[in-house]
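Throughout, a chain's letter reflects where its sequence line sits, starting with A, and its residues are numbered from 1.
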Number of protein chains: 2
Amino acid sequence: MVVDQLSEDDVDRLFQALSDGTRRDIVRRVAAGPMSVSGLAAFYAMSFAAVQKHVAVLERATLVTKEKRGREQLVRVNPDGLALARRLLDEFEEIWRQRAARITDLLDEAPGAQAKEPS
Amino acid sequence: MVVDQLSEDDVDRLFQALSDGTRRDIVRRVAAGPMSVSGLAAFYAMSFAAVQKHVAVLERATLVTKEKRGREQLVRVNPDGLALARRLLDEFEEIWRQRAARITDLLDEAPGAQAKEPS
DNA sequence: GTAATGTGCAACCAAATGGTTGTAGATCAG
DNA sequence: CTGATCTACAACCATTTGGTTGCACATTAC
């Protein structure tokens with residue numbers, strides 16, 4: 001099953017965005033409530049520009065959204081992005097589960113019986 | 001909620017391993033049944049050494065395991081690794097869900113209750 | 001035995017990543 | 001208005017990543 005219209009590059013960006021501790025922490029923080037970029041930057045021992053870049057990576061990965069709010073830029077979590085990533089992992093597990101079920105069937109069936117595809 | 005004993009570096013490796021299309025494809029293939037490294041390499045338009053490196057990345061991320069089988073090395077999916085990644089994503093969603101529930105509560109409650117959460 | 005196959009590893013290279021500093025444009029406070 | 005704050009973006013740098021080729025070593029086939 002293909003997940004939506006996601007290109008491989010989209011999936012690359014999703015997981016790559018999640019592969020950095022600072023970015024995962026940003027997602028956690030904005031998941032608990034929206035924050036400005038500078039508000040986020042205050043938490044980390046790195047420059048504002050670095051945090052800005054992390055937010056940009058998360059935005060391109062559709063894990064957060066930004067909205068201009070006066071002179072600030074409010075960062076919000078995008079629940080769809082997270083759900084998408086989880087669904088992708090579910091796909092992998094589904095493939096494995098089907099194989100496991102097929103093997104179980106083979107073991108359960110009498111020897112010589114043909115294996116049918118489980119749902 | 002901390003997931004098991006995973007270090008941040010472990011999580012980095014997990015998601016980083018999944019951020020490459022070739023590696024995700026390898027996981028799909030071995031999820032459907034174990035394969036040798038050279039068997040896998042036959043599918044991709046890159047050198048054997050490159051595929052070997054991808055498998056090594058997946059192995060360090062605990063997404064696959066290798067087992068020596070004669071002169072071959074059988075690569076298998078590690079369902080625990082996948083389940084771990086999914087659980088990590090569940091954590092993020094849980095944080096967001098809790099916040100959403102809290103907001104819903106605030107909206108449901110009678111007005112006059114003091115809200116700590118800015119809109 | 002010799003030859004072919006499967007693997008591991010080192011050295012190398014181009015491109016991407018994660019950080020920095022510096023500059024400049026908006027917006028808000030006084 | 002002036003000054004402080006928030007953001008955007010460019011240029012630069014060190015390290016990592018994803019690929020290559022080449023060589024060494026085990027195991028299997030003939």
Let's go through A:Leu63 and B:Phe92 carefully: what are the C-alpha distance in whole Å and the side-chain angles of both, what is the deciding distance for side chain to side chain contact (heavy atoms under 4.5 Å, CB included) to 0.1 Å, and is it a yes or a no?
CA-CA 11 Å; A:Leu63 284 166; B:Phe92 289 95; over 6 Å; no
Begin from the C-alpha positions of A:Thr62 and A:Asp80 and carry the test side chain to side chain contact (heavy atoms under 4.5 Å, CB included) through to its verdict.
CA-CA 8 Å; A:Thr62 74; A:Asp80 294 346; over 6 Å; no
So which protein N/O to nucleotides 3-5 of chain D N/O distances come out below 3.5 Å?
| unit_1 | atom_1 | unit_2 | atom_2 | d |
| --- | --- | --- | --- | --- |
| D:dT5 | O2 | A:Arg71 | NH1 | 3.4 |

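For B:Ala83, the side-chain contact (heavy atoms from CB on, under 4.5 Å) partners two or more places apart in sequence, or in a different chain, are A:Glu93.
With respect to A:Asp90 and A:Arg86, no salt bridge is recorded, no charged nitrogen being found less than 4.0 Å from a carboxylate O. A salt bridge does not link A:Glu91 to B:Arg28: none of the charged side-chain nitrogens sits closer than 4.0 Å to a carboxylate oxygen.
C:dT20 atom P lies 12 Å from atom CD of A:Gln52, rounded to whole Å. To the nearest angstrom, P of D:dC13 lies 14 Å from NZ of A:Lys53. A straight line from CD of A:Gln73 to C1' of C:dG25 spans 14 Å, rounded to a whole angstrom. One interatomic measurement links the two molecules: CG of A:Leu58 to C1' of C:dT17, which rounds to 14 Å at whole-angstrom precision.
If you take CG on B:Leu40 and CD on B:Gln73, they are separated by 11.5 Å, rounding to the nearest 0.5 Å. The line from CZ of B:Arg13 to CG of B:Leu58 is 13.5 Å long, rounded to the nearest 0.5 Å. If you take CG on A:Leu14 and CG on A:Leu82, they are separated by 8.5 Å, rounding to the nearest 0.5 Å. B:Lys66 NZ to B:Gln52 CD: the interatomic distance, rounded to the nearest 0.5 Å, is 6.5 Å. Within the model, atoms CD of B:Gln16 and CD of A:Gln16 stand 7.0 Å from one another, a figure rounded to the nearest 0.5 Å.
An angle of 30°, rounded to 10°, separates the two end axes of the helix from C:dG1-D:dC30 to C:dG30-D:dC1, each defined over five pairs.
Taken residue by residue, residues 7-23 of chain B places no heavy atom nearer than 4.0 Å to DNA chain C. Sorted by residue number, the members of residues 59-70 of chain B with any non-hydrogen atom under 4.0 Å from DNA chain C read B:Lys66. Of the residues in residues 40-49 of chain A, A:Phe48, A:Ala49 come within less than 4.0 Å of DNA chain D through at least one heavy atom, sorted by number.
The side-chain heavy atoms of A:Ser36 and A:Arg71, taken from C-beta on, include no pair separated by under 4.5 Å. Residues A:Leu89 and B:Leu18 are in side-chain contact: their nearest non-hydrogen atoms beyond the backbone lie under 4.5 Å apart. Taking the side chain as every heavy atom from C-beta outward, B:Arg23 and A:Phe15 never approach each other to under 4.5 Å. A heavy-atom distance below 4.5 Å is found between the side chains of B:Asp12 and B:Asp9. Two residues are said to be in side-chain contact when any heavy atoms from C-beta on lie closer than 4.5 Å; A:Thr22 and A:Ile26 meet this criterion.
Proximity of a side-chain donor or acceptor of B:Glu59 to a complementary backbone N or O of B:Thr65 within less than 3.5 Å is not detected.
When the nearest nucleotides of DNA chain C are assigned to B:Val37 and A:His54 by heavy-atom distance, the more 5′-ward of the two goes with B:Val37.
Candidate nucleotides D:dT7, C:dG18, C:dT7 were compared by shortest atom distance to the side chain of B:Glu72, and C:dT7 ranks first.
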